[in-house]
Amino acid sequence: MHLHLKTFASRNFRNLVEGQIQLHPRFNLFVGENGQGKTNLLEAIYYLLTLRPMRQVRPRELLAWGQTTATVQGELEGRVERKLSVSFEKRKRKLKLNGAPPLRIDDYLFDTQVVAFTPEDLQLVRGAPDLRRRFLDRAIFHTDINYLSEVRQYLRILKHRNALLRSDSRDRDVLSVLNEQFTGWGARILRRRLGLLERLRPYAKETFGRIFPEQIDAIDLSYHTQLGNLSHLNGSMPPGLIEEDLQSALWAQIKKYQQRELDRRSTLVGPHLDDIHFLFQGRPFKVSASQGQTRALVLSLKVAEIFEIQNRTKQHPVLLLDDVAGELDPRHSSFLFEFLEETHGQVLLSTTNLSSIQLPELKQYPYFHLENGQVSHRNDAF
Ligand SMILES: Nc1ncnc2c1ncn2[C@@H]1O[C@H](COP(=O)(O)OP(=O)(O)OP(=O)(O)O)[C@@H](O)[C@H]1O
Ligand SMILES: [Mg+2]
């Protein structure tokens, strides 16, 4: 059976009223007026499955106002059945997997893939570089849990390195040991991200071409670092070789920036500063593409991420679409619904307007009405 959430329940999560819902393995619709709790419900489900907020909020903002504890829980069916739960108590997060604390966070997250679409995803193209780095990193975590510890190692070394650069002693021997580790972990992250972008590129280009057939081949994406043009280092080269190349490139960069780093007392190179560059007709996307084309690019990136997950894990991710249909013009929404029909995974869709959902045979799927945080299953919607 493909991965899907069978039941979901929450307590004291934002404005959601305590209670449990049963979900369908394919489509589930959440309908309600503005401000009733549709995004909160998808946020709660996203958090349960990924342990990260769907949007940029602090974990304590997930609790209902005035509350100090909250819980989200659900039963997940896939290759195995699992019960997941997260409770927040006195600012601490407690996880349970099948009723007991998991030994490692990776056990909790294992084999669970989720892709969310929200109107805020437009920031992926328009916003700051850290959103694009996060997009890449999340896409890699989804298919390889080891990446989580690699990134943690890198960030740990980065923290030490920054602390040393800030300190008065700035011991050169310690710095050179840190540089060895820094370039090693940095090269590993670079290789992963470059490989991912190479795999996403054809899907993103194809999807964009399906939405804008007259603009076929209009877009391109490339990974941007201070290391110069990395296009010759693509995912098809032997992995060992690439990582060594990247490590030497990082070393060279550190040497080049040595004095500047000492002056500024901070690390000025490394994958924590990189970005994705999007091009439209060979020009920077932000200044040359329209609103609709920007939306199409975001949708293309998400679709590429879904294919990446399907290819690498042989599973269909759970898709959470928050109010996306209402924002799309006819050609985007017809593409989106055709695509959703072609996929086989579970889809949770929220909308203010049921008529924007262009799926055939909608009647066979559950419809939930949201009002003041109360989620009720309705059969009388159609
Ligand atoms: N921490 C919180 N505790 C309690 N209520 C909250 C909390 N944070 C937000 N809310 C309330 O939740 C409601 C918003 O819910 P949500 O964003 O899920 O609405 P929505 O149905 O997605 O609306 P829209 O269609 O406008 O996007 C608002 O009324 C807001 O005041
Ligand atoms: Mg909303």
Side-chain angles (χ1 to χ4, degrees), residues 5 8-21 23 27-74 85-94 114-124 126-127 131 291 295 298-299 302 318-329 332-333 336-337 340 346-359 362 365-378 381:
L5 193 61
F8 174 78
S10 71
R11 193 175 53 81
N12 292 348
F13 189 98
R14 292 218 174 209
N15 78 332
L16 299 179
V17 173
E18 184 170 349
Q20 192 187 55
I21 53 173
L23 296 158
F27 294 103
N28 297 270
L29 291 170
F30 300 95
V31 188
E33 293 182 357
N34 295 132
Q36 302 305 313
K38 301 181 296 296
T39 302
N40 290 345
L41 180 65
L42 294 181
E43 177 82 79
I45 291 174
Y46 189 88
Y47 196 89
L48 175 73
L49 299 179
T50 66
L51 301 178
R52 286 158 190 277
M54 184 166 76
R55 299 169 296 170
Q56 276 184 303
V57 293
R58 274 172 299 208
R60 85 178 124 89
E61 290 166 31
L62 300 175
L63 272 62
W65 293 319
Q67 298 293 334
T68 51
T69 65
T71 312
V72 283
Q73 61 187 65
S85 102
V86 185
S87 31
F88 299 92
E89 279 168 37
K90 298 193 183 111
R91 298 197 172 199
K92 285 197 111 179
R93 184 177 77 177
K94 288 190 183 157
V114 188
V115 175
F117 293 67
T118 79
E120 286 170 39
D121 286 329
L122 275 186
Q123 295 301 321
L124 201 54
R126 299 247 160 115
L131 296 173
Q291 286 266 16
R295 262 184 237 290
V298 173
L299 193 53
K302 296 281 175 169
V318 174
L319 304 184
L320 306 182
L321 280 77
D322 189 18
D323 210 4
V324 175
E327 296 234 328
L328 298 179
D329 56 35
H332 283 85
S333 62
L336 176 67
F337 288 109
L340 292 177
Q346 188 178 38
V347 182
L348 278 56
L349 278 159
S350 85
T351 184
T352 48
N353 175 10
L354 202 54
S355 62
S356 68
I357 308 293
Q358 301 161 27
L359 289 167
L362 259 185
Y365 301 114
Y367 159 89
F368 298 91
H369 181 73
L370 272 104
E371 195 171 347
N372 268 327
Q374 176 85 50
V375 191
S376 37
H377 188 181
R378 291 267 184 93

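Every number for a ligand or one of its atoms is a count from 1 in the order of the listing. Both backbone and side-chain heavy atoms feed into the values below; hydrogens, waters and symmetry mates do not.
- Salt-bridge formation is detected for the pair Lys302/Asp121: a Lys NZ or Arg NE/NH1/NH2 atom is positioned less than 4.0 Å from an Asp or Glu carboxylate oxygen.
- Tyr47 has its ring centre less than 6.0 Å from the ring centre of Phe88.
- In terms of modelled atom types and a separation under 3.5 Å, the side chain of Glu89 and the main chain of Lys94 share no donor-acceptor contact.
- The N/O atoms of Trp65, backbone and side chain alike, include one that comes under 3.5 Å of an N/O atom in ligand 1.
- Which parts of ligand 1 touch Gln36 is read off a 4.0 Å heavy-atom cut-off, strictly below it: atoms 19 (O), 20 (P), 21 (O).
- Under a 4.0 Å heavy-atom criterion, Glu33 is in contact with ligand 1.
- Atoms of ligand 1 found under 4.0 Å from any heavy atom of Asn40, numbered from 1 in the order shown, are 12 (O), 13 (C), 14 (C), 15 (O), 16 (P), 17 (O), 18 (O).
- Within the 3.5 Å criterion, the main-chain N or O of Glu43 finds no donor-acceptor partner in the side chain of Arg14.
- For Leu370, the heavy-atom gap to ligand 1 stays at 4.0 angstrom or more.
- Between the side chain of Gln36 and the main chain of Asn34, a donor-acceptor pair closer than 3.5 Å is present.
- In terms of polar-atom proximity, defined here as any N/O pair under 3.5 Å, Asn34 does make such a contact with ligand 1.
- Residue-ligand proximity, Gly37 to ligand 1, at heavy-atom distances under 4.0 Å covers atoms 15 (O), 16 (P), 18 (O), 19 (O), 20 (P), 21 (O).
- When only non-hydrogen protein atoms are considered, atom 25 (O) of ligand 1 lies nearest to Lys38 NZ, 2.7 Å.
- By the 30° and 60° cut-offs, the orientation of the rings of Phe27 relative to Tyr365 is perpendicular.
- In this structure, a donor-acceptor pair under 3.5 Å is absent between the side chains of Asn353 and Thr351.
- Between Pro119 and Asp323, the shortest heavy-atom contact is CG-O, 4.2 Å.
- The shortest N or O to N or O distance between Leu41 and ligand 1 is not below 3.5 Å.
- Heavy-atom proximity to Ala64, at under 4.0 Å, picks out these atoms of ligand 1: 3 (N).
- Counting heavy atoms under 4.0 Å from ligand 1, residue Glu61 touches it through the backbone alone.
- Of all the atoms in ligand 1, the ones that sit under 4.0 Å from a non-hydrogen atom of Thr352 are 25 (O).
- Interface atoms of ligand 1 facing Thr39, defined by a heavy-atom separation under 4.0 Å, are 17 (O), 18 (O), 20 (P), 22 (O), 27 (O).
- The one candidate from Ile45, Leu320, Leu348, Leu319 that meets the side-chain contact (heavy atoms from CB on, under 4.5 Å) condition with Val114 is Leu320.
- At a heavy-atom cutoff of 4.0 Å, ligand 1 is contacted by the backbone of Leu63 but not by its side chain.
- Residue Gly32 places every heavy atom at 4.0 Å or more from ligand 1.
- Residue Asn34 does not count as close to the Mg ion (ligand 2), with no N, O or S atom under 2.8 Å.
- Gly35 N, 2.6 Å is the protein heavy atom nearest to atom 23 (O) of ligand 1.
- The nearest heavy-atom contact from the protein to atom 8 (N) of ligand 1 is Arg14 NH1, 3.2 Å.
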